[in-house]
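In this text the structure is predicted, and so the values were computed from the model without any measurement. Both counts, for ligands and for their atoms, begin at 1 and track the order of listing.
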Amino acid sequence: MSHLHRMEEQTRGSAEELRRAVVIGGGIGGMMAARVLADHFDEVVVIERDHIPPGVENRPGVPQARHLHFLMKRGLMVVEQLFPGVRADLLAAGSHLLDQGTDFRILYRYGWSPRVKLGLELITFTRPLLEATIRRHLLPHPKVRFVEGFEVAGLSSRADLSAVTGVRIVPRRRGEGESEEQILQAELVVDSSGRTSPAPQWLESLGYAAPEEAEVDAFWGYATRIYQPPAHIAKDWQTLLVMNRPPYQPRAGIIQPIEGGRWLVSLAGVMHDYPPTDDEGFLNFARSLSAPDLYNAISQAKPLTRIWGYRRTSNRLRQYDRLSRLPQGFVALGDSVCAFNPVYGLGMTLTGLEVEELARCLRTSDGGRTLDPLAFQKAVGKLVTAPWALTTGEDLRWPATQGGEITAKVKLLHWYIDQVIRLIPQSPEVFLAFQEVNHMIKGPESLFRPRVLFRVLKQALAPAKAAPKTLPVPATVHAGAEARTSTVTLHR
Ligand SMILES: Cc1cc2nc3c(=O)[nH]c(=O)nc-3n(C[C@H](O)[C@H](O)[C@H](O)COP(=O)(O)OP(=O)(O)OC[C@H]3O[C@@H](n4cnc5c(N)ncnc54)[C@H](O)[C@@H]3O)c2cc1C
C-alpha cells in the first residue's frame, strides 16, 4: 500500500465532519502538543517527516539527539503531568534521577559546587529513549494519529487568506504516483517542526509578514561519545561537569550516566573552539579542561561509539509575538519559535511550558474555537523573555559572540551573576537559589531575594581577594577563533 493511501486511511474523514488539529513535527514539542490538543479536538494528526525507527535509535530529523539531553525538574514535571508514568518507565529503562547537589560535581568559575541535597532532581537518558518513551504513551490515545514519512510543505488557507485551513503534505520517499501533494484539512495547525521550521516563509506566501528574528551566536560546538565506564573507578559523583570560564577558558565537558549503565560524554567549546571528533583530538580537548577529573575518568573508560559533532547552537528567536496579525488557526511553539544555545539545557523544559500555555488557551477558547493566535504567541513571548535574557546574556560574555548588544543592563546582569557564581562554592543557599532558576522552578528575580542579595553585596563590598591562583588564564584564547588552550590547571 502506498504511503499516500495509507495516510488517507489513517486520517479519517474531513474537517467538515470532525474537528481536526494538525501538529507539524513529531519531536518533543509535537508529541506534548498532540496530547493537549486531544483533550479538545476529535482528531489530532501528527505529521512527522522521518520514518520512526523501531527501537531506541537516532533519526535524521533530530540531529541534536546524539548529544547530551536531560530534563530539568520543571520539564520532568510537565512531561509527567501530560503522560503519567513516563518517569517510572524512563527509570525502569535505566535512566537516572539525580539530585543536582549530592549527585553532581560541578566545577564553576570559582570552585566546586557544594555537596548538599538540593531536592532538585534532573533525569538523564539518551534523547531517543525519551522520545520513544513519550511516543509509547502518546500513540495509544484514540484521538491521535502519528503519520510518519510525510513532510509538511506549506499551509493551505481560506480564499480570503484570513485563516489557515490545513497543511500541504508530500511523502518523504516518493514512489510511483506518490509525488503529488495532498492537503490535509485542519481547524488548528500547530508548528513544532523545530529549529529549521520554514513557517515564516509559509506565512509570507499567504501574504502575512514573517516574524523578525533575533540571533545571538557565541559559536559553540559539541562533540559527544558514549562510553562503557571502567568496572572500578574511585569517584564521588554520578555526573561530572567541568564548566568553562568566560572570557578566558572556552572549554567545558560533562560525563552523564545514561541507560545501559553507560556514560554519555559531551565536550563543548565556545568562540569556534570546536571539540575535535577524532580519538586523539577528543582526549586532548578533555585534557585541556579546567580540571583533570573528566579526562582521567574517560581515559579509563571504553569508547562504545564514534564521536559525533554538532555546531548549530546559536540562540535564535522568532518574534511572532510582535506581529500585528496572524491567520486564524495557526500557532507555533518550541524551537520553531525560540531555539536556545543548548549548553543551558533549557529547550525541552521551555517547550513543555509553552505546551502548558497552549492547554490553557484551549481551555479558555471553547476548545480552540475562538483561539487567538496572537494572544498565544504573546504568552509564548513572555515565557521566553527571561531565559532568552539569561542565555544570551551569558553568551555575550564571550568576545567573539555575534548579535545582541552589551547594554548597561547586560553589564549589570554579568556582574550580578558573576557574584552569585563566585558565592556558590561556599554557600549552599546561593547554590540552591541559582539551581532553582536553572530548573525553572523559580524565575530569575528570585536571585535577587534579600538573603542572596545581601550576600552578593557583602561580598562585593569586602576587600577584593586575589583571583584563585589555581585558575590560570590561558593566554592563547584571546588570540581569536583559532586559539587553543592546553593547560590543565584547576584542582580541588
Ligand atoms: C546539542 C543539543 C543538546 C540539547 N540538550 C538539551 C537538554 O539537555 N535539555 C533540554 O531541555 N533541551 C536540550 N536541547 C534542546 C532540545 O533538543 C529542543 O529544545 C527540543 O527538541 C525542541 O523540541 P521541538 O519539538 O520544538 O523540536 P524537535 O524536537 O527538534 O522536533 C522537530 C521535529 O519536526 C520534524 N520536522 C521538521 N520539519 C518538518 C516538516 N516540514 N514536516 C514534518 N516534520 C518535520 C523533525 O523531523 C522533528 O522530529 C538540546 C539541543 C541541542 C542542539
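Heavy atoms of other residues, nucleotides or ligands lying less than 6.0 angstrom from CD of Gln228 number more than 12.
Using a non-hydrogen distance threshold of 4.0 Å, Glu131 does not register as a contact of ligand 1.
When only non-hydrogen protein atoms are considered, atom 1 (C) of ligand 1 lies nearest to His67 CB, 3.7 Å. The nearest protein atom to atom 27 (O) of ligand 1, hydrogens excluded, is given as Gly194 CA, 3.5 Å; this is a heavy-atom distance. Nearest protein heavy-atom neighbour of atom 34 (O) of ligand 1: Gly25 CA, 3.2 Å.
Residue Arg195 does not touch ligand 1, judged by heavy-atom distances below 4.0 Å. The backbone and the side chain of Arg49 each have at least one atom closer than 4.0 Å to an atom of ligand 1 (non-hydrogen atoms only). Contact annotation: for Leu350 versus ligand 1, there are no heavy atoms closer than 4.0 Å.
Donor-acceptor pairing under 3.5 Å is recorded for the side chains of Ser197 and Asp191.
On a distance-only criterion, His69 and ligand 1 share at least one N/O pair closer than 3.5 Å. Taking only nitrogen or oxygen atoms, main chain and side chain alike, Thr196 does not reach within less than 3.5 Å of ligand 1. Distances between N or O atoms of Phe150 and those of ligand 1 include no value under 3.5 Å. Residue Val152 has at least one nitrogen or oxygen atom sitting less than 3.5 Å from a nitrogen or oxygen atom of ligand 1, judged on distance alone. Close N/O approach between Tyr310 and ligand 1 is not found [any backbone or side-chain N/O within under 3.5 Å]. Polar contact check, Ser336 against ligand 1: no nitrogen or oxygen pair lies under 3.5 Å apart. At under 3.5 Å, a nitrogen or oxygen of Gln64, whether backbone or side chain, sits near a nitrogen or oxygen of ligand 1. Considering backbone and side-chain N/O of Leu68, one or more are found under 3.5 Å from N/O of ligand 1. Polar contact with ligand 1: present for Phe70 (N/O pair, distance under 3.5 Å).
Among all heavy-atom pairs drawn from Leu264 and Ser266, the shortest one is CD2-OG, 3.6 Å. Closest approach of Arg397 to Pro247, counting heavy atoms only: O-CB, 3.7 Å.
Numbered from 1 in the order shown, with element, the atoms of ligand 1 that lie under 4.0 Å from a heavy atom of Gly61 read 46 (C), 47 (O), 48 (C).
For the pair Arg66 and Tyr310, the cation-pi criterion (under 6.0 Å, within 45° of the ring axis) is not fulfilled.
The backbone N or O of Cys361 sits less than 3.5 Å from a side-chain atom of Ser365, completing a donor-acceptor pair. One N or O on the side chain of Arg20 and one on the backbone of Gln185 form a donor-acceptor pair closer than 3.5 Å.
One option in Gly75, Pro342, Gly221 has a heavy atom closer to atom 51 (C) of ligand 1 than any other, and that option is Pro342. Summarising the contacts of atom 21 (O) of ligand 1 with Glu354, Met348, Arg127, Arg172, the nearest heavy atom is found in Arg127.
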